[in-house]
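Since the structure comes first, as structure tokens, the remarks are kept for the end.
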Amino acid sequence: MNESSKIWMNGALVDWKEAKVHVLTHSLHYATGVFEGIRFFDTPKGPAVFRLVEHVTRLFDSAKIYLMHIPFTPKQVREGVIATAAASGLSEAYIRPLAYYDYGVMGLNPLPNKVSVAIAAWSWPSYLGKEAESKGVRCLVSSWRRIHPSILPPQAKATANYANSALAKVEAIKAGYDEAIMLNMDGLVTEATGENVFRVKDGVVSTPPASTGVLRGITRDSVITFVKQLGLQFRRNDFSREELYSSDEVFLTGTAAGVTPVREIDGRPIGNGKWPVTAKLRVIYGEAVHGEKPEYAHWLTPIRGGRTLTRRRA
Ligand code: PPE
């Protein structure tokens with residue numbers, strides 16, 4: 001990975017190499033952590049974090065679902081994100097806040113343990129491979145079903161969900177694909193291992209509703225806004241595997257992946273290889289995150305003037 005210089009741990013910036021946990025850290029054993037993926041981008045006014053408030057709100061919502069008490073306020077975490085971004089010295093990077101049950105008491109009940117928060121920032125320009133953005137990715141429909149909300153809540157961005165994602169991802173990679181798309185227990189399309197899924201058919205853009213068991217992606221929300229701005233028809237509706245195959249366009253959205261076209265699913269080429277709607281949405285997304293769209297300026301938080309909490313590391 002592309003190391004940067006500092007990591008925010010419980011209120012203080014520590015050296016990257018010093019940001020360590022004990023091997024008996026509770027969340028390492030039982031996947032009881034919640035996290036976020038955020039990006040900051042270069043803009044004409046300097047580096048700025050995209051949709052910071054929404055990401056930090058989702059982190060606290062994820063924690064609430066798990067009855068996890070984060071010992072910082074959302075404002076402190078937002079300031080931590082800004083301080084970490086500023087300390088990285090980078091103009092664009094990925095930011096990973098993580099709240100986890102720390103070292104203390106083993107066993108299935110996480111609650112006796114202290115909750116720690118870490119925030120790291122590093123350069124992560126090509127999440128799905130260097131050619132993904134221009135050429136599109138090849139996806140496999142996974143034999144692993146997406147976690148059902150009665151098993152693990154997909155709305156919580158919890159580390160546990162990613163065991164399911166990792167199984168599907170490894171299956172896809174071993175089969176020679178770039179990414180996996182998962183169905184739910186009813187056979188409906190849900191999401192990819194770390195991205196939401198959209199399809200375009202006969203000019204209508206659609207994405208599965210949250211009720212299918214998908215994470216309510218913040219990039220998904222941004223893209224829905226762009227679709228409406230373009231005057232395109234949009235529906236939040238269920239679709240099946242075969243409808244995915246017969247789409248004119250399919251694309252993935254996520255903080256790490258951005259807006260990435262899908263060129264093939266299970267050996268079937270998607271559309272005619274042109275994907276004009278995806279291309280337009282990619283342009284608008286690129287402009288919005290880079291501060292080139294005044295109507296979306298409120299989604300950007302400048303990182304200049306980032307300050308660290310005065311609290312000492314616990
Ligand atoms: N679904 C899943 C399962 C998911 O993990 C993500 C983000 C999304 C949808 C899109 O959400 P949003 O980023 O708010 O648009 N995946 C994060 C983790 C990636 C990773 O490999 O780690 C991300 O993109 O940051």
Side-chain angles (χ1 to χ4, degrees), residues 1-2 31 33-41 49-62 65 81 85 92-98 100 118-129 132-133 137 139 142 144-149 151-170 172-173 178-184 189-198 207-227 236 250-260 262 281-282 285 288-289 296 299:
M1 77 181 293
N2 297 312
V34 297
F35 71 102
E36 269 306 312
I38 314 178
R39 277 190 187 275
F40 67 94
F41 297 88
V49 184
F50 189 63
R51 305 201 69 174
L52 176 60
V53 172
E54 291 86 341
H55 280 287
V56 172
T57 301
R58 190 171 65 184
L59 179 74
F60 279 79
D61 287 347
S62 300
I65 291 171
V81 167
E92 302 208 336
Y94 184 82
I95 308 167
R96 166 59 51 81
L98 169 73
Y100 59 98
I119 309 170
W122 67 91
S123 173
W124 203 3
S126 59
Y127 179 69
L128 288 171
E133 295 196 5
V137 288
C139 292
S142 181
W144 295 100
R145 296 296 172 104
R146 189 60 173 151
I147 41 171
H148 187 271
I151 297 172
L152 284 172
Q155 297 295 307
K157 197 170 167 61
T159 56
N161 301 0
Y162 291 82
N164 173 244
S165 285
L167 283 167
K169 183 82 181 188
V170 169
I173 301 287
D178 305 305
E179 180 57 303
I181 294 174
M182 288 175 282
L183 309 177
N184 66 13
V189 173
T190 61
E191 58 189 339
T193 66
E195 304 90 23
N196 288 112
V197 177
F198 282 75
T207 194
S211 55
T212 55
V214 300
L215 184 73
R216 280 200 184 89
I218 292 165
T219 321
R220 171 181 179 266
D221 179 75
S222 307
V223 164
I224 293 169
T225 309
F226 305 149
V227 167
R236 221 177 250 104
V250 175
F251 60 89
L252 308 177
T253 65
T255 300
V259 179
T260 299
V262 174
L281 293 168
R282 279 174 48 75
Y285 173 75
V289 299
Y296 303 121
W299 281 347

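Counting convention: from 1, in listed order, for ligands and their atoms alike.
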Using only atom types and a distance under 3.5 Å, with no angle test, would you say the side chain of [X] pairs donor to acceptor with the backbone of [Y]?
X      : Y      : value
Ser165 : Thr193 : yes
Thr219 : Thr255 : yes
Arg39  : Ala256 : yes
Ser142 : Ile181 : no
Arg236 : Pro209 : no
Ser62  : Lys157 : yes

Taking [atom] as the reference point, the nearest protein heavy atom with its distance:
atom                    : answer
atom 14 (O) of ligand 1 : Ile218 N, 2.7 Å
atom 10 (C) of ligand 1 : Asn196 OD1, 3.6 Å
atom 25 (O) of ligand 1 : Tyr94 OH, 2.5 Å
atom 15 (O) of ligand 1 : Thr219 OG1, 2.5 Å
atom 13 (O) of ligand 1 : Thr255 OG1, 2.6 Å
atom 20 (C) of ligand 1 : Tyr127 OH, 3.2 Å
atom 24 (O) of ligand 1 : Ala256 N, 2.8 Å

With heavy atoms only and a cut-off of under 4.0 Å, state how [X] meets ligand 1: side chain, backbone, both or neither.
X      : result
Glu36  : neither
Ile38  : neither
Val214 : neither

Can a salt bridge be assigned to the pair Glu36 and Arg96 using a cut-off of 4.0 Å between side-chain N and carboxylate O?
no
Tell me whether Arg216 at atom CZ has more than 12 heavy atoms from other residues, nucleotides or ligands lying less than 6.0 Å away.
no
For atom CH2 of Trp122, decide whether the heavy atoms of other residues, nucleotides or ligands shown that lie under 6.0 angstrom number more than 12.
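Enclosed.
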Close approach of [X] to ligand 1, heavy atoms, under 4.0 angstrom:
X      : answer
Lys157 : yes
Asn161 : no
Arg58  : yes
Lys169 : no

Is any side-chain heavy atom of Val56 closer than 4.5 Å to one of Pro97?
no
Please compare Ala257, Gly194, Ser222 and report which has the shortest non-hydrogen distance to atom 6 (C) of ligand 1.
Gly194
Rounded at 0.5 Å granularity, tell me how far CG in Asn196 sits from OG1 in Thr253.
4.5 Å
Any idea which atoms of ligand 1 are less than 4.0 Å away from a heavy-atom of [X]?
X      : answer
Tyr162 : 2 (C), 3 (C), 4 (C), 5 (O)
Gly217 : 11 (O), 12 (P), 14 (O), 15 (O)
Glu191 : 1 (N), 2 (C), 3 (C), 9 (C)

Distance-only N or O hit between ligand 1 and [X], under 3.5 Å:
X      : result
Trp124 : no
Ser165 : no
Thr253 : no
Arg146 : no
Arg96  : yes
His55  : no
Leu215 : no

How close do Gly254 and Tyr285 get, heavy atom to heavy atom, and via which atoms?
O-OH, 4.5 Å
Closest approach of Ala132 to Val137 (non-hydrogen atoms, all atoms of both residues)
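Where Ala132 meets Val137 most closely, the heavy atoms are CB-CG1, 3.5 Å.
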Applying the side chain to side chain donor-acceptor pair (under 3.5 Å) test to Arg146, which of Asn161, Asn164, Asn184 qualifies?
Asn164
